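These notes concern the structure reproduced below.
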Amino acid sequence: SMAESVLVKNLQQQLERLFNQLTDLEECREDLDDDEYDEAKQDTLEQLKEFQATLDKATSGNVTLEDELSNLKLATQAAISNAFKTPEVLRLFTKQEPAQLRQTLTQIERDITLGKRSSEDAKVEKSTILNALKMRGQELSNEEEMFLQDSLSPQSLAPSQGVSDQVLNLIQNKT
C-alpha cells in the first residue's frame, strides 16, 4: 500500500541518517576527547537500538512489511553488533551506488585471495555490502544470498564478538 511504501522509505532514510552519524563520528574522532567520543558513540548506539525497536513494532504481524524491512533489520543489527569496528564499511553503506559497492566487493574478494585482508573483517565488510546492495533493490546471486544467511547465523555472530543477546535473539527469531 501507499502508506506502507512511505513508511519503508522513511525508515530507510532514518537508518541512513544514523549510519551517516556513525560515519561522521569516526571521521572527527581526532577532534574529540575520549569522553566526548564515548558519549556520542553511546548516544548513537541507543538511537540504533530505538530504531531497532521501531522496526520490530512496524513489522510485528505484518508479513509484507516483514519482507520489505528485513534488510533494514539486518543492517541495523549489523551496525549495533559491529558498531564502529569498520567505519569505512558504514561509509560504503550510506554513500555509494550499487556499481561502486560491486567494485568494492570484488576488491575485498581479491584481497582475501591475496591474503591481504583477514577473513573475519572481510566477512563483516562483505555481508554489509551485500546488505547495502539488497537495500538498494539489487539482485543478489544465490551464492551471495547463502553468504548473507550464513553471516547472520547465530554461530557466526558469537557473543565473543561482542554481540548482545538481544541481537542474537533477533537473529534466531528471524530464521
Side-chain angles (χ1 to χ4, degrees), residues 4-29 44-45 47-48 51-52 55 58-59 63-158 161-163 167-168 170-171 174-175:
E4 281 180 353
S5 59
V6 168
L7 175 67
V8 169
K9 194 151 194 50
N10 286 343
L11 288 169
Q12 280 175 329
Q13 288 169 343
Q14 203 178 334
L15 185 60
E16 290 220 354
R17 258 198 312 278
L18 286 169
F19 277 3
N20 283 326
Q21 204 171 304
L22 284 181
T23 309
D24 294 346
L25 184 60
E26 289 307 315
E27 281 171 355
C28 64
R29 174 76 179 103
T44 305
L45 267 181
Q47 290 176 40
L48 274 166
F51 179 75
Q52 192 175 38
L55 278 180
T59 54
V63 180
T64 337
L65 270 183
E66 182 68 51
D67 285 350
E68 288 269 336
L69 297 176
S70 63
N71 295 332
L72 287 187
K73 280 187 164 184
L74 297 179
T76 306
Q77 151 196 315
I80 292 170
S81 59
N82 298 306
F84 311 97
K85 234 196 264 175
T86 45
E88 56 282 1
V89 173
L90 282 171
R91 203 165 299 124
L92 288 178
F93 217 107
T94 50
K95 297 202 169 51
Q96 292 192 346
E97 293 309 307
Q100 285 174 292
L101 288 166
R102 282 271 169 218
Q103 216 173 341
T104 308
L105 196 56
T106 308
Q107 184 64 50
I108 289 171
E109 284 165 349
R110 194 178 310 130
D111 285 356
I112 296 170
T113 312
L114 298 172
K116 285 186 184 174
R117 216 179 263 254
S118 88
S119 63
E120 233 3 88
D121 288 350
K123 211 172 161 180
V124 171
E125 290 177 34
K126 189 174 172 181
S127 61
T128 305
I129 291 171
L130 290 173
N131 265 320
L133 285 165
K134 230 176 148 167
M135 273 175 78
R136 285 167 176 71
Q138 300 295 303
E139 282 292 307
L140 298 186
S141 70
N142 288 345
E143 196 183 326
E144 289 169 336
E145 285 286 359
M146 294 286 289
F147 178 86
L148 261 187
Q149 290 310 311
D150 289 348
S151 70
L152 291 161
S153 72
Q155 293 74 34
S156 69
L157 288 178
Q161 287 175 278
V163 179
V167 175
L168 283 174
L170 204 125
I171 298 164
K174 178 93 194 85
T175 49

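The first residue in the sequence is number 1, and the count goes up from there. Keep in mind it's a predicted model, so treat the numbers as computed, not measured.
- Here Gln100 contributes atom CD and Thr104 contributes atom OG1; the two are 7.0 Å apart, rounded to the nearest 0.5 Å.
- Taken to the nearest 0.5 Å, the CG atom of Asn20 stands 11.5 Å off from the OG1 atom of Thr44.
- Between Thr76 and Leu48, the shortest heavy-atom contact is CG2-O, 3.7 Å.
- For the atom pair Leu45 CG and Gln52 CD, the distance stands at 10.5 Å (nearest 0.5 Å).
- Remark: Asn10 CG is packed, more than 12 non-hydrogen atoms of other residues, nucleotides or ligands lying under 6.0 Å away.
- Asp111 CG to Thr106 OG1: the interatomic distance, rounded to the nearest 0.5 Å, is 11.0 Å.
- The shortest heavy-atom contact between Leu65 and Ala58 is CD1-O, 3.4 Å.
- Partners of Glu109 according to the salt bridge (charged side-chain N to carboxylate O under 4.0 Å, His left out) rule, which considers only residues two or more places apart in sequence or in another chain, are Lys126.
- Under a cut-off of 6.0 angstrom, the local environment of CD in Gln13 is crowded, with over 12 non-hydrogen atoms contributed by other residues, nucleotides or ligands.
- Across every non-hydrogen atom of Leu130 and Leu148, the tightest pair is CB-CG, 3.9 Å.
- In this structure, Leu18 and Phe51 approach most closely via the heavy-atom pair CD1-CB, 3.9 Å.
- Taken from CG in Leu15 to CD in Gln47, the straight-line distance is 12.0 Å, to the nearest 0.5 Å.
- Remark: Arg29 pairs with Asp34 by the salt bridge (charged side-chain N to carboxylate O under 4.0 Å, His left out) rule, at least two apart or across chains.
- Atoms OG1 and CD, on Thr23 and Glu16 in that order, are 10.0 Å from each other to the nearest 0.5 Å.
- Between Arg110 and Gln107, the side chains place a donor N or O and an acceptor N or O closer than 3.5 Å (distance only, hydrogens not considered).
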